[in-house]
**Q** 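Input: one structure, supplied below.
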2 protein chains.
Amino acid sequence: MKRSTVQDAMFPGCPVRNVLARICDKWALLVIYILDRSGKESMRFMELKQQMPDISQRMLTMTLRTLEEDGYVTRTIFSEIPPRVEYALTERAKSLQPILDSLLQWSVDNMDDIMCDRKKNTPVKD
Amino acid sequence: MKRSTVQDAMFPGCPVRNVLARICDKWALLVIYILDRSGKESMRFMELKQQMPDISQRMLTMTLRTLEEDGYVTRTIFSEIPPRVEYALTERAKSLQPILDSLLQWSVDNMDDIMCDRKKNTPVKD
DNA sequence: CAGGATCCAGGGGGATACTG
DNA sequence: CAGTATCCCCCTGGATCCTG
């Protein structure tokens, strides 16, 4: 009987809402997406940043720390000079990825209609 | 060949990112969820608010306006005294709902492990 | 009842400079 | 290179009061 568990989602402080809030963060989604589509096993900090022209290094660092904390990415430090850090998706992130993909595809399929609706409802000044 | 379209998701100002950002908003998700699980065709403003103990009326109003603007909910005003306004999910929202449901179920299935991981990585003060 | 209007604090997040 | 550390601005969103 999962239903009762799911119902808890509407309560404040609920862990489900907490998990969703951190996944649904725009930067977190984008990092997972980019890591997935890179075709590589892992990516360096600067590689990620180059794929996200509008993120600050501060936010990228914070986003990666959060993702690491929640077990979506691994952070591997190579003791070299200059330093090298590699980020890779975990199995947990990979299990989530099909869902994010369908959400992404839904957005692609519907964005034109949605943008059109927005314009219709633009506050009419007269 | 959809892939090239999807690739645009990493660009700033991309409509896909824009669509996702508004869907992934914590309040928007919760409103859609509650409307879906209510078992009713529509709900009143106060009914919604009672299901969301931690939202302010201001944020609920703003969230509903955004959802309406993007065509996820309809807003029906009954010219009565006292006024009555009913909110209902559109077909667009219903088409999105299975995806949100799988995302929610994923969160339920993984939240214990995620919460556990978070504690492990809690900064160790010594 | 369903909000609009206003005021205001807190924190998210940018810019910049510095370090191992 | 891959971050930390500061400063600081602005916008989100809460609290409160008012209205059709």
Side-chain angles (χ1 to χ4, degrees), chain A residues 12-13 17-18 20-31 34-35 38 40 42-70 73-88 121-126, chain B residues 12-13 17-18 20-31 34-35 38 40 42-69 73-88 121-125:
Chain A
R17 280 175 66 180
N18 192 296
L20 278 178
R22 280 167 79 151
I23 278 301
C24 282
D25 175 79
K26 65 171 178 173
W27 295 130
L29 276 178
L30 203 49
V31 166
I34 290 173
L35 277 172
S38 68
K40 306 173 190 172
S42 65
M43 289 178 75
R44 302 184 62 171
F45 187 87
M46 269 305 162
E47 279 184 292
L48 281 168
K49 181 144 175 40
Q50 281 163 9
Q51 298 294 319
M52 307 164 72
D54 52 344
I55 196 174
S56 63
Q57 93 285 42
R58 170 189 160 85
M59 283 323 298
L60 182 52
T61 301
M62 292 179 64
T63 302
L64 287 167
R65 288 291 184 283
T66 301
L67 288 174
E68 187 194 4
E69 210 181 318
D70 284 7
V73 303
T74 57
R75 181 162 172 267
T76 310
I77 307 174
F78 295 83
S79 301
E80 305 173 356
I81 296 179
R84 195 170 109 235
V85 180
E86 297 269 1
Y87 294 92
N121 292 327
T122 300
V124 186
K125 315 276 188 185
D126 54 343
Chain B
R17 280 175 65 180
N18 193 296
L20 277 177
R22 281 166 80 151
I23 278 301
C24 282
D25 174 78
K26 65 171 177 172
W27 297 129
L29 276 177
L30 203 48
V31 166
I34 290 173
L35 277 172
S38 68
K40 307 171 190 173
S42 65
M43 289 178 75
R44 302 184 61 172
F45 186 87
M46 270 304 163
E47 279 185 290
L48 281 168
K49 181 143 174 41
Q50 281 161 10
Q51 298 294 319
M52 307 165 72
D54 53 343
I55 196 174
S56 64
Q57 94 286 41
R58 171 188 160 86
M59 285 318 322
L60 182 52
T61 302
M62 291 179 65
T63 302
L64 287 168
R65 288 292 184 284
T66 302
L67 287 174
E68 187 194 4
E69 210 181 318
V73 303
T74 58
R75 181 161 172 267
T76 310
I77 307 174
F78 294 84
S79 300
E80 305 173 355
I81 295 178
R84 195 170 110 236
V85 180
E86 298 269 0
Y87 294 93
N121 292 327
T122 301
V124 185
K125 314 277 188 185

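So that the names make sense, note that chain A is the first sequence line, chain B the second, and so on, each numbered from 1. None of these values were measured; they are calculated from a predicted model. FYI, side chains are in, hydrogens and waters are out, and symmetry mates aren't considered; it's all heavy atoms of this structure.
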**Q** Calculate, to the nearest 0.5 Å, the distance between atoms OH and CG belonging to B/Y87 and B/L60 respectively.
**A**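 Here the interatomic distance stands at 7.0 Å.
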**Q** Just how far, in rounded Å, is P of C/dG13 from CG of A/D54?
**A**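 Taking atom P of C/dG13 as the reference, CG of A/D54 is at 12 Å.
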**Q** Taking atom CG of A/D54 and atom CZ of B/R17, what is their separation to the nearest 0.5 Å?
**A**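 Here the interatomic distance stands at 4.5 Å.
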**Q** side-chain hydrogen bond (donor to acceptor under 3.5 Å, both in side chains) with B/N18: which residues, sequence neighbours excluded?
**A**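 Result, side-chain hydrogen bond (donor to acceptor under 3.5 Å, both in side chains) vs B/N18: A/R118.
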**Q** If the condition is salt bridge (charged side-chain N to carboxylate O under 4.0 Å, His left out), which residues does A/R22 pass it with, not counting sequence neighbours?
**A**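 A/E69, A/D70.
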**Q** Under the side-chain contact (heavy atoms from CB on, under 4.5 Å) test, which residues partner A/A88, sequence neighbours left out?
**A**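 A/S42, A/T74.
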**Q** In this structure, how many angstroms lie between the C1' atom of C/dG12 and the CD1 atom of A/I55, rounded?
**A**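 My rounded result for the distance is 13 Å.
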**Q** Between B/L64 (CG) and C/dA2 (P), how many Å, whole number?
**A**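 In whole Å, C/dA2 P and B/L64 CG are 11 Å from each other.
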**Q** Is there side-chain contact between A/V31 and A/I55, with heavy atoms separated by less than 4.5 Å?
**A**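 In short, these two side chains do not touch, never coming nearer than 4.5 Å.
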**Q** Does B/R84 put a side-chain nitrogen or oxygen below 4.0 Å from OP1 or OP2 of C/dG3?
**A**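 No, no such contact exists.
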**Q** Over how many whole Å does the gap from B/I77 atom CD1 to C/dA2 atom C1' extend?
**A**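 B/I77 atom CD1 is separated from C/dA2 atom C1' by 9 Å.
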**Q** So, for A/C24 and A/L29, which heavy atoms are closest and what is the spacing to 0.1 Å?
**A**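 What the structure gives for the nearest pair is O-CD1, 4.0 Å.
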**Q** Counting only side-chain nitrogens and oxygens, does B/R44 get under 4.0 Å of the OP1 or OP2 atom of C/dC1?
**A**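 Indeed not, no polar side-chain atom of B/R44 lies that close.
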**Q** Can you tell me which nucleotide in C/dC1, C/dG3, C/dG14 comes closest to the side chain of A/M59?
**A**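 Given the options C/dC1, C/dG3, C/dG14, the side chain of A/M59 is closest to C/dG14.
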**Q** Calculate the interatomic distance between B/L60 atom CG and C/dA2 atom P; express it in whole Å.
**A**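 Interatomic distance, CG of B/L60 to P of C/dA2: 10 Å.
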**Q** So what is the end-to-end bend of the helix from C/dC1-D/dG20 to C/dG20-D/dC1, with 5 pairs used at each end and the value given to 10 degrees?
**A**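 What I find for the helix from C/dC1-D/dG20 to C/dG20-D/dC1 is an axis angle of 50°.
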**Q** What's touching nucleotides 15-20 of chain C from the protein side, N or O pairs under 3.5 Å?
**A**
unit_1 : atom_1 : unit_2 : atom_2 : d
C/dT16 : O4     : A/Q57  : NE2    : 3.0

**Q** Under the salt bridge (charged side-chain N to carboxylate O under 4.0 Å, His left out) test, which residues partner B/R84, sequence neighbours left out?
**A**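 B/E80, B/E86.
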**Q** Name all residues meeting the salt bridge (charged side-chain N to carboxylate O under 4.0 Å, His left out) criterion together with A/K40; count only those two or more places apart in sequence or in a different chain, and write none if there are none.
**A**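 In terms of salt bridge (charged side-chain N to carboxylate O under 4.0 Å, His left out), with neighbours along the sequence ignored, A/K40 is linked to A/E47.
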**Q** Roughly, in whole Å, what's the span from CD1 in B/I81 to P in C/dA2?
**A**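 Spelled out: CD1 on B/I81 to P on C/dA2 is 14 Å.
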**Q** Of all nucleotides in DNA chain D with an atom under 4.0 Å from a non-hydrogen atom of chain B, which is the first and which the last going 5' to 3'?
**A**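 In short, chain B contacts DNA chain D from D/dG13 to D/dG20.
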**Q** Output all residues satisfying side-chain contact (heavy atoms from CB on, under 4.5 Å) with A/I77, sequence neighbours left out; order by chain, then residue number.
**A**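 Scan of A/I77 (side-chain contact (heavy atoms from CB on, under 4.5 Å), adjacent residues dropped) gives A/R75, A/V85.
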**Q** Test of understanding: with side-chain contact (heavy atoms from CB on, under 4.5 Å), list the residues that count as partners of B/K26, not counting sequence neighbours.
**A**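 Partners of B/K26 under the side-chain contact (heavy atoms from CB on, under 4.5 Å) test: none.
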**Q** Touch check for B/F78, heavy atoms < 4.0 angstrom, all strands: base, sugar-phosphate only, or nothing?
**A**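 Since no nucleic acid heavy atom lies under 4.0 Å of B/F78, the category is nothing.
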